[in-house]
Amino acid sequence: MRVPTLLALSAASVAALPASNKLYKKQASPDAPNAFGLAYTTPPPMANGGAWSAAFQRASDVTSQMTLEEKISIVTGQNGRCVGNTGAVPRLDIPALCLQDGPTGPRPVDGHTQFPAGVTTAATWDRELIYERSRAMGQEFYDLGVHVALAPVTGGPLGRAPRGGRNWEGWYADPYATGEASYLSVRGLQDAGVQATSKHFIAYEQETSRNVYINKTLGSQPGLATTLQLPISSNLDDKTTHETYLWSFAEAVRAGTSSVMSSYNIINGTHASANSDALNGLLKTELNFQGFVVSDWGGIWGTREAVYGGNDLDMPGNGFNGLLGIFYGDELRDLVNNGTIAESRLDDMIHRVLTPYYAAGQADKKLPDVPFNAGSGTDAVTYRLVQKPSTVDLVRKIAEDGAVLLKNEGGLPLKSVPRIAVIGNDAGPPSRDAGDTGEGIPIGSGSNGTLADGGGSGYSTPLNLIYPLMSIQERAAKDSSKVSWMLNDTDIATAQTTAADADVALVFVSAWASEGYDRTDLNLTGGGDALVQAVAAVNNNTVVVMHIPGPTLVDAWIDHPNITAVLAPLLPGEQTGPSLVSILYGDISPSGKLPFTIAKQSADYPPNTITSQTEAENLAPQADFVEGNYIDYKWFDAKNIEPRFAFGHGIGYSTFEYSNIRKNETFAFDSLAIQKTNEAFVGQQEGESLYDVLISVEVDVKNSGNVVACEAAQLYVEFPASANQPARQLRGFDKVKQAAPGSTTTVSFPIRRKDIATWDVVQQRWVVATEPVTFHVGASSRDLPLTITHTF
Ligand SMILES: *[C@@H]1O[C@H](CO)[C@@H](O)[C@H](O)[C@H]1NC(C)=O
Ligand SMILES: *[C@@H]1O[C@H](CO)[C@@H](O)[C@H](O)[C@H]1NC(C)=O
Ligand SMILES: *[C@@H]1O[C@H](CO)[C@@H](O)[C@H](O)[C@H]1NC(C)=O
Ligand SMILES: *[C@@H]1O[C@H](CO)[C@@H](O)[C@H](O)[C@H]1NC(C)=O
Ligand SMILES: *[C@@H]1O[C@H](CO)[C@@H](O)[C@H](O)[C@H]1NC(C)=O
Ligand SMILES: *[C@@H]1O[C@H](CO)[C@@H](O)[C@H](O)[C@H]1NC(C)=O
Ligand SMILES: *[C@@H]1O[C@H](CO)[C@@H](O)[C@H](O)[C@H]1NC(C)=O
Ligand SMILES: *[C@@H]1O[C@H](CO)[C@@H](O)[C@H](O)[C@H]1NC(C)=O
Ligand SMILES: *[C@@H]1O[C@H](CO)[C@@H](O)[C@H](O)[C@H]1NC(C)=O
């Protein structure tokens with residue numbers, strides 16, 4: 001969701017909103033057969049809460065004491081202090097639950113941390129850091145009295161579209177790795193006592209036309225047009241659904257996510273918030289999800305359809321004074337009273353909302369009562385310091401370990417550099433502190449400053465943004481080096497005179513991305529290519545630093561002989577400067593690796609991944625996922641296209657050698673499921689799970705260089721040809737940490753049934769490969785020196 005811009009609407013224009021938009025391409029019917037050939041006439045009620053059975057009992061008991069009005073108030077958002085608020089039932093000691101953005105830290109509130117974006121954290125390939133980031137973030141939510149964090153992004157978007165505006169909020173353009181990050185980040189948040197919201201379910205892969213209903217309220221008031229363009233419909237087949245887009249949500253459910261957010265888009269012709277196939281079928285039946293489904297803000301299009309379709313909580317409902325359309329509420333009461341919706345369904349909705357609340361311990365130990373005000377419609381920000389010094393250290397470490405060194409011809413680490421030139425707006429401070437706006441920094445000012453986060457509801461305000469120039473000056477002063485700078489990107493002549501006589505020219509460029517719209521191209525923003533080229537023309541030791549949200553083209557200059565290094569810290573968060581200096585000066589060896597592919601040209605990516613049609617062209621725009629499972633590196637492999645920088649690529653100041661691949665055939669039952677899914681496989685025996693570990697593949701990784709360094713080792717599976725699968729699919733990663741020069745570390749990749757299984761659309765089950773499967777291990781998706789085969 002993205003609230004602030006909407007708040008400019010007057011009450012009069014709000015009144016002009018349609019109560020409900022009935023222009024479904026296909027009506028969501030409670031009687032329609034779903035993908036399993038079954039009819040979900042009633043959405044599946046909770047299976048006693050699974051691992052939360054005690055909490056389920058409490059929720060059931062308290063629900064049985066509620067009046068209809070009380071029940072309705074809980075599932076319909078209310079005005080309140082948070083971005084989302086449920087109704088309180090004081091006589092039963094049930095507080096208004098506070099739901100608050102977002103994936104890089106609490107927003108909009110002040111006094112907390114701007115964490116590195118998901119994409120930067122992904123680039124660390126470090127499970128511990130992925131977990132610790134969410135744990136620390138969860139603590140900040142908790143300390144602000146937030147019950148439900150609207151985080152993490154767990155695969156919607158996954159990164160199908162390289163230009164996708166929100167890809168940076170998520171993780172890897174790969175289901176397995178995003179699944180691992182989803183699992184760990186749900187665990188991290190919830191271990192801190194806050195409930196996680198895994199979002200956005202499902203196939204939410206573009207911003208363009210994501211919810212024209214909201215855009216309409218902005219674009220065409222007053223007097224809504226008689227025609228209304230629907231949100232984009234993501235149309236995908238069952239195999240792609242299971243093998244690519246559902247995978248990471250399965251991991252979020254296994255981690256025990258309290259909540260799942262339904263997305264804005266339409267799926268296969270039916271709104272995501274009313275999609276019985278997706279919510280009742282995939283999520284609540286196949287994944288056995290025991291928590292609640294919350295709509296994205298303004299994502300509901302009809303009360304009856306959403307309730308039957310499996311959406312439990314309407315947000316923001318009456319919140320923001322009903323700005324985004326009020327569903328549920330009185331209409332739901334009437335529907336229950338006249339028997340259209342069974343009260344048992346309403347009870348299940350309450351059970352689903354309250355069970356995770358009890359399970360999280362939030363009823364027994366009340367959260368801090370912090371009177372910030374993010375839901376009043378004024379976007380007021382309350383300052384309350386919740387940042388801990390240890391969190392600042394963690395944020396710096398993630399930014400250090402997530403910075404990807406793409407090219408190094410000796411430019412880094414910096415050697416004797418008495419005169420350093422720092423070029424580019426992206427090195428400096430924004431012209432003012434954006435803190436009180438609660439929004440992204442590049443909002444059209446002349447000096448946007450360094451890019452540390454993306455825009456929209458995924459942005460969070462830094463407590464202190466330590467920008468690169470500041471940190472470089474501080475560090476240079478210790479060596480009595482001179483730092484000259486030029487931060488005006490369009491004054492090329494002065495940039496060149498500044499760079500010309502320096503021993504190193506550090507040129508800073510960025511690419512902007514935000515929720516609400518997709519990138520128009522994959523280029524650097526604001527003439528970045530021209531700036532790099534101008535500097536490289538006059539300085540033979542030009543080092544490029546790129547703050548980018550995802551795939552960005554570098555071919556205009558990447559082979560320039562004067563460009564001696566290219567570093568991509570992606571979106572590093574508020575410790576951007578200190579983390580950069582650690583790498584520039586060689587205090588640490590960079591070890592980040594790309595969580596996406598950088599192509600040589602846009603045309604190398606799958607075509608038409610953003611559907612862009614005007615209302616006049618198409619009232620029901622369609623995004624057909626024709627590439628199926630072949631997103632990102634799988635596409636490049638299938639089409640035999642050489643990427644500029646492969647998925648998983650990144651270099652450091654040391655080198656690593658991979659050797660001695662072997663199998664360890666020790667079997668282990670799944671020990672990681674907090675909640676068990678109902679995912680089934682052919683031949684399944686009692687007690688067996690798709691997530692049992694069948695074997696482990698082990699390799700030795702030797703630091704063959706001269707400095708202490710880390711290495712993200714990766715394992716890819718190659719299915720037998722008969723399986724008709726992508727050539728190689730990531731199924732394991734592990735980070736070798738702080739390896740001393742000459743030392744050898746054993747890396748072990750556990751292989752679960754699911755890792756070697758494919759989805760059978762006829763049997764509606766996974767099929768574990770029976771013919772020989774080959775595993776490839778190495779440093780990136782295109783650097784896999786070791787191979788071993790196994791027959792399961
Ligand atoms: C919203 O609608 C307005 C007016 O129709 C249009 O100019 C604008 O591009 C739309 N924005 C998005 C994000 O679709
Ligand atoms: C989309 O529809 C196809 C065909 O009915 C179905 O197999 C698939 O599972 C659906 N995907 C989602 C996400 O609902
Ligand atoms: C039940 O109530 C809803 C909401 O007021 C109304 O739209 C619907 O027509 C009613 N149905 C019946 C069968 O009365
Ligand atoms: C600041 O951001 C705006 C909006 O993204 C952009 O148009 C402008 O070029 C940026 N200015 C600089 C100096 O980067
Ligand atoms: C940046 O440089 C351009 C080109 O020389 C100039 O027109 C502009 O005024 C400068 N901006 C600032 C803020 O100095
Ligand atoms: C992006 O950069 C490439 C290479 O410099 C250039 O050919 C292309 O025109 C640029 N695209 C846009 C939309 O500016
Ligand atoms: C590289 O930089 C030097 C200045 O150090 C310059 O003379 C030369 O032309 C540059 N080379 C290219 C290819 O631009
Ligand atoms: C780069 O330029 C400097 C100063 O002009 C010169 O001393 C040095 O030899 C050049 N290095 C290379 C590799 O050309
Ligand atoms: C094989 O894996 C098991 C379980 O992870 C481990 O305990 C055991 O030490 C491993 N054996 C060898 C020879 O590495």
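Remember, it's 1-based here, ligands and their atoms both numbered in the order they're listed.
In this structure, Asp503 does not pair ionically with Lys482, as no charged nitrogen and carboxylate oxygen lie closer than 4.0 Å. Residues Arg475 and Asp587 are paired through a salt bridge, judged by an N-O separation under 4.0 Å between the basic side chain and the carboxylate. A salt bridge is absent between Arg752 and Glu679: the closest approach of a Lys/Arg side-chain nitrogen to an acidic carboxylate oxygen does not fall below 4.0 angstrom. Salt-bridge check for Asp637 with Arg782: passed, with a basic side-chain N closer than 4.0 Å to an acidic carboxylate O. Electrostatic pairing of Asp559 and Lys407 does not count as a salt bridge here, judged by no charged N lying under 4.0 Å from a carboxylate O.
Proximity to His560 (heavy-atom distance under 4.0 Å) selects the following atoms of ligand 7: 12 (C), 13 (C), 14 (O). Heavy-atom contacts of Asn562 reach the following atoms of ligand 7: 1 (C), 2 (O), 3 (C), 8 (C), 10 (C), 11 (N), 12 (C), 14 (O) (cutoff under 4.0 Å).
The aromatic rings of Trp759 and His242 lie parallel to each other, their planes meeting at an angle below 30°, with 60° marking the opposite boundary. By the 30° and 60° cut-offs, the orientation of the rings of Phe645 relative to His649 is parallel.
When only non-hydrogen protein atoms are considered, atom 4 (C) of ligand 9 lies nearest to Thr666 CG2, 4.1 Å. The nearest heavy-atom contact from the protein to atom 9 (O) of ligand 9 is Asn664 ND2, 4.7 Å.
Counting protein heavy atoms under 4.0 angstrom from atom 7 (O) of ligand 7 gives zero. Protein heavy atoms come within 4.0 Å of atom 14 (O) of ligand 8. Under the 4.0 angstrom criterion, atom 2 (O) of ligand 9 counts as having a protein heavy-atom contact.
Between the choices Val538, Asn540, Asn539, Asp501, the shortest heavy-atom distance to atom 10 (C) of ligand 8 belongs to Asn540.
Distances from ligand 9 to the non-hydrogen atoms of Glu665 include no value under 4.0 Å.
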